[in-house]
Amino acid sequence: MQVTVIGRHIEATEALKQYATERFQRFEKYLPKNSQATITLSVVKKLHHIAEAMIKANGVLIQASEETEEMYSSIDLLYEKIERRVRKYKERLTDHKHQAGITGTPEAAQTAAHPEDRIPQIIKTKRFDLKPMHPDEAVMQMELLDKQFFFFSNASSGHINVIYRRNDGNVGLIEPNL
């Protein structure tokens, strides 16, 4: 596994890089050899130490971030969060390979020790017509429906796009690369 440690608003010292690299190298036993992990360490106002990780493995992205008052504890909490997600990913792969009904029972998902370990169930399916529209129209429609996101067919490209409300109050647009 290739691990890259980047510092943002902080100098990523060799000790920090080595600590994070050693922690994340442990995922080699769970993930393919060609997996890549990018760990970004940042500091906001010298009080908030944020560790973010993105792992690319066989076309799957696993992301997480943690924030504490100390960088090493942020890395430790981030490692634990990513470990739960990687374990869940590996369990789903084995469940699909070995008849999904045997090991992936809903009861097992409900009684998971950690809330993140619970496998979400699809409980509702919605169908709707995609009307071709421009992104500005889609934003207006999302506002009218008072939703956090909105799927639409982009009138200019013909592709399906997503408009979503960001945490900062602005709006984002997701366009596929085909």
Side-chain angles (χ1 to χ4, degrees), residues 1-10 12 20 24 27 30-45 48-67 74-75 77-79 81-97 100 104 106 109 115-178:
M1 171 180 268
Q2 178 185 352
V3 179
T4 306
V5 180
I6 301 168
R8 188 181 311 145
H9 305 294
I10 184 176
F24 280 78
F27 290 129
Y30 298 115
L31 299 172
K33 298 284 185 214
N34 61 349
S35 300
Q36 299 174 340
T38 304
I39 303 165
T40 305
L41 308 175
S42 59
V43 176
V44 178
K45 295 184 181 179
H48 304 282
H49 295 261
I50 303 167
E52 302 170 317
M54 181 174 64
I55 297 177
K56 295 178 184 177
N58 282 350
V60 175
L61 288 177
I62 302 171
Q63 290 182 293
S65 67
E66 278 296 332
E67 178 179 339
S74 293
I75 293 170
L77 291 173
L78 176 66
Y79 172 79
K81 186 182 275 189
I82 291 282
E83 182 182 35
R84 285 192 301 272
R85 291 182 182 177
V86 167
R87 201 174 328 118
K88 185 191 311 185
Y89 165 69
K90 290 302 282 186
E91 287 173 3
R92 282 188 181 171
L93 283 181
T94 57
D95 283 352
H96 288 296
K97 288 180 183 174
E116 270 193 19
D117 291 344
R118 189 177 77 70
I119 298 172
Q121 303 292 318
I122 298 173
I123 57 170
K124 184 177 182 180
T125 301
K126 269 190 173 178
R127 297 189 188 280
F128 58 94
D129 296 326
L130 287 179
K131 177 184 145 194
M133 60 179 72
H134 293 282
D136 294 339
E137 275 183 88
V139 171
M140 183 182 68
Q141 187 67 46
M142 181 181 72
E143 296 290 332
L144 290 172
L145 294 172
D146 194 30
K147 298 291 184 185
Q148 295 296 313
F149 62 92
F150 185 74
F151 288 91
F152 68 101
S153 175
N154 194 324
S156 58
S157 68
H159 297 146
I160 295 175
N161 292 176
V162 178
I163 292 284
Y164 65 96
R165 187 177 323 283
R166 296 172 44 92
N167 289 339
D168 62 5
N170 291 318
V171 175
L173 172 66
I174 300 174
E175 296 179 310
N177 279 340
L178 300 177

Asks: Step by step, work out the side-chain contact (heavy atoms from CB on, under 4.5 Å) result for Val43 and Ile50.
Replies: CA-CA 6 Å; Val43 176; Ile50 303 167; over 6 Å; no

Asks: List the residues meeting ring pair (Phe, Tyr, Trp, His ring centres under 6.0 Å) with Phe150, not counting sequence neighbours, and say none if there are none.
Replies: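 In terms of ring pair (Phe, Tyr, Trp, His ring centres under 6.0 Å), with neighbours along the sequence ignored, Phe150 is linked to no residue.
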
Asks: Are Leu61 and Ile55 packed together at the side-chain level, in the sense that at least one heavy-atom pair is separated by less than 4.5 angstrom?
Replies: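 They are not in contact (no side-chain heavy atoms under 4.5 Å apart), so the answer is no.
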
Asks: Determine all donor-acceptor pairs shorter than 3.5 Å in which one atom belongs to a side chain in residues 166-178; sequence neighbours excluded.
Replies:
residue : atom : partner : partner atom : Å
Asp168  : OD1  : Asn170  : N            : 3.0
Asp168  : OD2  : Asn170  : ND2          : 3.4

Asks: Among residues at least two apart in sequence or on other chains, which ones pass side-chain hydrogen bond (donor to acceptor under 3.5 Å, both in side chains) with Glu66?
Replies: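 Expected list: Lys81.
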
Asks: Ignoring hydrogens, what is the shortest heavy-atom contact between Ala37 and Met1? Give both atom names and the distance.
Replies: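 Distance-wise, the nearest heavy atoms are CB-SD, 4.2 Å.
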
Asks: Taking side-chain hydrogen bond (donor to acceptor under 3.5 Å, both in side chains) as the definition, give me every residue that meets it alongside Asn161, ordered by chain and number, with sequence neighbours left out.
Replies: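 Checked Asn161 against side-chain hydrogen bond (donor to acceptor under 3.5 Å, both in side chains); matches are Asn154.
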
Asks: Distance from Arg127 atom CZ to Thr125 atom OG1, nearest 0.5 Å?
Replies: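 If we round to the nearest 0.5 Å, Arg127:CZ and Thr125:OG1 are 6.5 Å apart.
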
Asks: Atom CD of Gln2 and atom OG of Ser35: how far apart are they, to the nearest 0.5 Å?
Replies: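 Gln2 atom CD to Ser35 atom OG measures 10.5 Å (nearest 0.5 Å).
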
Asks: Do you know which two heavy atoms are closest between Ile75 and Ala51, and how far apart they sit?
Replies: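 Nearest pair, atom of Ile75 first, then Ala51: N-CB, 4.1 Å.
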
Asks: Looking at CZ of Arg165 and CE of Met142, how far apart are the two atoms once the value is rounded to the nearest 0.5 Å?
Replies: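 The CE atom of Met142 is 4.5 Å from CZ of Arg165, to the nearest 0.5 Å.
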
Asks: Considering only heavy atoms from C-beta outward, does the side chain of Pro132 approach that of Phe152 to under 4.5 Å?
Replies: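 Sidechains of Phe152 and Pro132: no contact.
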
Asks: Do you know which two heavy atoms are closest between Arg85 and Ala64, and how far apart they sit?
Replies: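 Answer, listing the atom of Arg85 first, then Ala64: NH1-CB, 3.5 Å.
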
Asks: Who passes ring pair (Phe, Tyr, Trp, His ring centres under 6.0 Å) against Tyr30, sequence neighbours left out?
Replies: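 Scan of Tyr30 (ring pair (Phe, Tyr, Trp, His ring centres under 6.0 Å), adjacent residues dropped) gives none.
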
Asks: How far does NE2 of His134 sit from OG of Ser156, to the nearest 0.5 angstrom?
Replies: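 These two atoms lie 6.5 Å from each other.
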
Asks: One pair to check against side-chain contact (heavy atoms from CB on, under 4.5 Å): Phe149 and Ile163. What are the steps and the verdict?
Replies: CA-CA 5 Å; Phe149 62 92; Ile163 292 284; over 6 Å; no

Asks: Return the OG1 to CG distance between Thr40 and Leu78, rounded to the nearest 0.5 Å.
Replies: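 Reported value, rounded in 0.5 Å steps: 10.0 Å.
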
Asks: Arg8: what forms a side-chain hydrogen bond (donor to acceptor under 3.5 Å, both in side chains) with it, not counting sequence neighbours?
Replies: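 Testing Arg8 for side-chain hydrogen bond (donor to acceptor under 3.5 Å, both in side chains), a comparison that skips the adjacent residues, returns none.
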
Asks: Once you round to the nearest 0.5 Å, how far does CD1 of Ile39 lie from CD1 of Ile6?
Replies: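 Ile39 atom CD1 to Ile6 atom CD1 measures 9.5 Å (nearest 0.5 Å).
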
Asks: Would Ile82 and Ile62 count as a side-chain contact (heavy atoms from CB on, under 4.5 Å) here? Give the steps.
Replies: CA-CA 7 Å; Ile82 291 282; Ile62 302 171; 4.0 Å; yes

Asks: Would you check, one step at a time, whether the test side-chain contact (heavy atoms from CB on, under 4.5 Å) holds for Lys147 with Gln141?
Replies: CA-CA 9 Å; Lys147 298 291 184 185; Gln141 187 67 46; over 6 Å; no

Asks: Is there a donor-acceptor contact under 3.5 Å from the side chain of Thr4 to the main chain of Thr38?
Replies: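 Checked: no pair found.
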
